[in-house]
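In the text below, chain A, chain B and the rest are named by the order of the sequence lines, each starting its count at 1.
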Amino acid sequence: MFYRVSGQFKTSYESDMALFPVKQDAILLAFILALFYVAFPMMASEFTYKALLVPVLIYALAAMGLNILTGYAGQLSLGTAGFMGVGAYACYKITSIFPEVNIVVALLLSGCFSAAVGVAFGLPSLRIKGFYLAIATLAAQFFLVWLFEKWAWLYNFNASGAIEVKGHEFFGLVITGPNAAPITQYYFVLVCVTVVSFAMINITRGRFGRVWKAVRDMDIAAELVGINLMRAKLSAFAVSSYVVGIAGALLVFFWKGAAEPNLFDIPLSFKVLFIAIIGGLGSIIGNFLGALLIVALPVLLNLLPGVLGLEINSATLEHINVMIVGALIVFFLIVEPHGLARLWALIREKLIIWPFPH
Amino acid sequence: MSVIEKAADITASSIGLQKAEERETLLDLANVSLSFGGVKAINNISFDIKRGEVRAIIGPNGAGKTSMLNVINGFYQPQEGVITFRGSQRRSMKPHLAVSHGIARTFQNVALFKGMSTLDNIMAGRTTRMKRNMFWQILYYGPAQREEIAHRRKVEEIIDFLEIAHIRSTPVGKLPYGLQKRVELARALAMEPDLLLLDEPMAGMNLEEKEDMSRFIIDVNEQLGTTIALIEHDIGVVMDLSDRVVVLDYGRKIADGSPEEVQKNQDVIDAYLGVSH
Amino acid sequence: METLYQIFADPFVQIVSAPDFFLQVLWEGLVSGVLYALIALGFVLIFKSSRIFNFAQGIMVVFAALTLVGLHENGVPAWLAVPLTLGVMYLLALSVERVVLRPLVGQPDIILFMASIGVTMFLIGFGEFVFGGENKAMITAELGIPTGSIEFFPFGGFVLIEQKDLTAVIMAVLLVLCLLLFLNKTAMGRAIRALGDDHQAALSVGISLSKIWVLVWFIAGVIALATGIVWGARAGVSFALEVIAYKALPVLMLGGLESVSGAIIGGIAIGLLEKIFEIYWGQPLFGGNTETWFAFILALIVLLFRPQGLFGERIIERV
Ligand SMILES: Nc1ncnc2c1ncn2[C@@H]1O[C@H](COP(=O)(O)OP(=O)(O)OP(=O)(O)O)[C@@H](O)[C@H]1O
Ligand SMILES: [Mg+2]
């Protein structure tokens with residue numbers, strides 16, 4: 001009933017190509033934005049920001065970056081965390097070498113570094129395909145984490161080997177470090193993620209999106225319709241690692257506050273990959289759904305013993321969490337390879353024709 | 001066939017031939033050879049394609065027809081020989097450059113982008129003509145959108161021309177085979193080629209679909225003036241559509257001429273009947 | 001100048017001046033190489049028969065070892081724990097076939113690959129849930145694996161060989177021989193190879209796909225258990241071993257996904273090279289721990305020049 005498309009006629013290509021050809025989609029987006037910008041902050045406690053809202057946004061952003069590479073361009077990467085690390089360390093170095101630089105500028109620049117590293121490790125994709133490439137991305141993963149550990153200059157020769165974020169101000173407002181209010185940090189991350197999301201939606205619905213999908217679906221044919229495979233793949237690596245790098249910088253600066261090299265180890269790569277798979281490969285909005293699921297699951301599991309009145313220690317809960325995530329991956333790949341995003345699309349389709357199913 | 005009809009037929013075809021000879025040469029292959037390990041897929045073949053004609057390439061399975069097209073658009077690099085296209089010579093070429101040189105093709109086994117809609121598949125054919133960079137693409141509104149709309153207009157013309165408007169937004173993986181072949185033709189036309197290479201465009205089609213496809217090919221040739229190289233097993237179709245025919249067998253050229261000449265050629269008859277070499 | 005000397009001359013000077021130490025390094029490298037090769041072998045078998053790049057193979061090693069130790073911890077004697085663990089591995093093969101392979105048959109490779117990553121996660125969570133996440137000692141003595149060491153005195157120097165490492169190598173060799181016998185001499189083995197060569201043909205001869213899959217996954221499970229025992233004897237048993245198990249991946253890239261001999265040669269080569277690099281270049285020049293990435297970077301570089309791997313055949317793509 002809510003999803004009536006009758007009466008909405010397309011009179012021009014502009015309106016047909018609009019972001020939301022169906023008006024209700026725009027309303028849905030407005031609703032989601034209202035939730036994040038207005039409703040959640042009204043309800044959230046400090047704990048909710050730190051344990052739920054901020055992580056969801058940051059993981060969603062990282063998964064979005066990976067989705068560009070894997071979901072759109074079809075190049076599977078197992079090295080996401082390494083590129084997140086590049087972003088984080090770059091941002092750390094930039095802010096410690098040039099303390100006066102605006103944090104937004106530092107973020108934008110650190111993305112450039114991870115993009116450059118991404119392109120370097122993406123070069124083999126011109127010759128190596130499929131899971132061979134996936135394994136090659138592990139080379140980036142292991143090498144980069146090793147580098148974060150051994151290259152003391154990266155962490156300013158701190159004895160701890162970790163990077164620690166100092167307080168940065170943004171137009172007089174403290175937004176990082178221990179003195180920053182969670183709500184300020186939340187809004188800052190939210191605005192960043194919103195902006196990048198729109199950029200990614202735009203880029204994927206135009207020429208670049210088509211080129212990447214063509215490479216994903218059939219690279220030989222893509223080449224023979226005039227697509228330069230090298231440029232297509234490297235641009236996917238660049239855009240993807242840029243976004244992933246910014247996510248990494250946000251992760252350290254606006255959530256964890258400090259990071260050791262092993263934060264960027266392979267489990268993080270898998271976590272981001274799982275969010276992208278569960279959310280839906282080849283979708284932008286899906287990443288948020290996937291991140292919500294993956295972040296909320298352990299939080300909910302931790303509530304479980306209290307509800308059931310059972311004694312379960314937190315390590316066991318973590319193991320159960322890992323188990324469920326693994327099962328969910330297989331489940332989604334079998335039942336709905338396009339993830340939650342596709343599930344939502346199906347529901348939408350049903351709603352559009354409801355109540356006349358034919 | 002009555003005598004008069006036959007006579008008319010012969011004059012018509014010789015007029016066709018004459019026409020072809022007067023035309024300028026669009027593509028010329030000289031002594032091209034290509035081998036895979038021990039297999040000689042193409043053995044010292046020379047032939048040309050004139051601007052505006054429909055040139056058929058026929059031959060038994062494994063004769064080297066598809067390899068021939070692959071050499072023409074740069075997907076395979078021949079070990080020997082020279083290719084002259086629109087007056088410039090080359091031995092090898094990066095395959096993705098074929099389109100900007102004006103060569104487009106369809107494939108023997110449909111090679112569409114399965115996860116994309118019909119519209120997106122055809123739009124992909126416009127890629128080389130779209131120029132707006134990453135910055136504008138990210139902004140989307142403004143120049144990038146205007147460019148997108150301009151190309152969309154062209155694509156819609158092709159969609160109307162090939163009568164596939166009803167499947168515009170269907171993912172091509174879900175389309176029946178016949179329609180997929182048509183979408184592939186649409187994608188090739190979107191590249192606005194000078195030379196269109198069609199690799200068995202009617203394979204696996206029923207009679208009605210074949211007639212439709214023949215009509216489209218004729219229209220493309222006559223209305224758009226596109227030169228066509230056509231591989232086809234259905235001899236009837238070849239006779240109807242083509243101006244000149246080249247026949248391959250085991251990588252060698254065994255005949256070249258008007259459809260009627262070729263049909264009478266003893267080597268060709270032997271090759272098709274499987275007379276041993 | 002100093003660095004150049006350290007990179008290009010010093011390591012070789014050291015090798016020549018202390019050949020006994022070099023032998024020791026080679027032996028250590030060989031032992032890890034053999035274990036990498038074993039894990040890679042499990043991959044190859046599964047890939048040949050079901051076209052799945054089974055990311056879970058490394059985890060199956062840990063899972064099998066953990067089950068064995070866990071059973072023993074709960075009072076099951078060693079001689080019984082081994083067959084029971086094999087039973088568990090069989091159940092695992094059976095459930096993977098039912099729950100994962102069958103529903104996903106015919107899906108693109110990448111989907112299957114990701115599914116195997118899901119299986120990996122599940123096994124980690126399940127294993128830790130049942131047996132706990134802490135590091136455990138392998139029940140080496142109970143299984144009758146000798147723990148002493150043998151000493152040699154070549155070149156007037158001294159090389160020490162641990163008996164459990166020697167056991168590992170001998171066991172690996174025996175396992176590979178059995179496997180080759182099985183693949184070449186038995187009807188079932190030939191069926192598996194037929195499947196690898198041509199799916200359609202194998203089906204038309206009337207081989208039941210699901211039976212073969214269960215069998216192959218079970219064999220991979222057996223290999224995993226054997227690897228787990230000898231590896232656990234060296235390093236203890238916990239999911240931290242997972243990182244070492246990833247090493248089998250570059251081995252596969254080098255050896256090719258379908259070649260049994262490629263897996264063996266690739267495994268040993270990587271084991272040797274990474275050890276040599278670590279000792280003579282990694283530690284003096286880069287602060288050590290280069291074993292985490294050396295194999296991957298090496299494989300990457302080789303693949304750049306030979307995308308089909310060292311032993312694969314070059315394929316010209318068709319349209
Ligand atoms: N990429 C390749 N690698 C190895 N051999 C090839 C390759 N491409 C073609 N060939 C061989 O070259 C020969 C010619 O093949 P081609 O595909 O050109 O034949 P065709 O005339 O198109 O046949 P069909 O009518 O079956 O399509 C065949 O023997 C084929 O096996
Ligand atoms: Mg062919």
[X], part contacting chain A, at a heavy-atom distance under 4.5 Å:
X       : value
R187(B) : side chain
N70(B)  : neither
L112(B) : backbone

For chain B, which candidate among M218(A), R207(A), E223(A) shows the most heavy-atom pairs at distances under 4.5 Å?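 The answer is R207(A).
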
Neighbour count >12 (heavy atoms, 6.0 Å) for atom [atom1], [X]:
X       : atom1 : result
F113(A) : CZ    : no
R231(A) : CZ    : no
F331(A) : CZ    : no

Closest approach of [X] to [Y] (non-hydrogen atoms, all atoms of both residues):
X       : Y       : value
G115(B) : D217(A) : N-OD2, 2.8 Å
A111(B) : A221(A) : O-CB, 3.4 Å
V211(A) : T127(B) : CG2-CG2, 3.5 Å
H96(B)  : I227(A) : CB-O, 3.3 Å
G226(A) : V99(B)  : N-CG2, 3.4 Å
V225(A) : T128(B) : O-CG2, 4.3 Å

Kindly compute the distance separating [atom1] ([X]) from [atom2] ([Y]), expressed to the nearest 0.5 Å.
X       : Y       : atom1 : atom2 : answer
I122(B) : R210(A) : CD1   : CZ    : 11.0 Å
Y242(A) : M134(B) : OH    : CE    : 11.0 Å
R205(A) : Q145(B) : CZ    : CD    : 7.0 Å
Y140(B) : I203(A) : OH    : CD1   : 12.5 Å

Counting heavy-atom pairs under 4.5 Å to chain A, which of E147(B), R126(B), Q137(B) comes out on top?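 So the answer, after comparing E147(B), R126(B), Q137(B), is Q137(B).
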
Residue selection (most heavy-atom pairs with chain A, distance under 4.5 Å) from K114(B), M123(B), H151(B):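 Highest number of heavy-atom pairs under 4.5 Å: M123(B).
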
Mind checking whether N202(A) and L139(B) have side chains closer than 4.5 Å, heavy atoms only?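 No; the side chains remain at least 4.5 Å from each other.
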
Do the non-hydrogen side-chain atoms of I220(A) and F107(B) ever get within less than 4.5 Å of each other?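 The answer is no, as the side chains (C-beta and beyond) never meet within the 4.5 Å cut-off.
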
Pi-cation contact, F113(B) with R216(A) (under 6.0 Å, within 45°):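 No.
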
Side chain, backbone, both or neither of V239(A) within contact of chain B (heavy atoms, under 4.5 Å):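 Only the side chain of V239(A) comes within 4.5 Å of chain B.
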
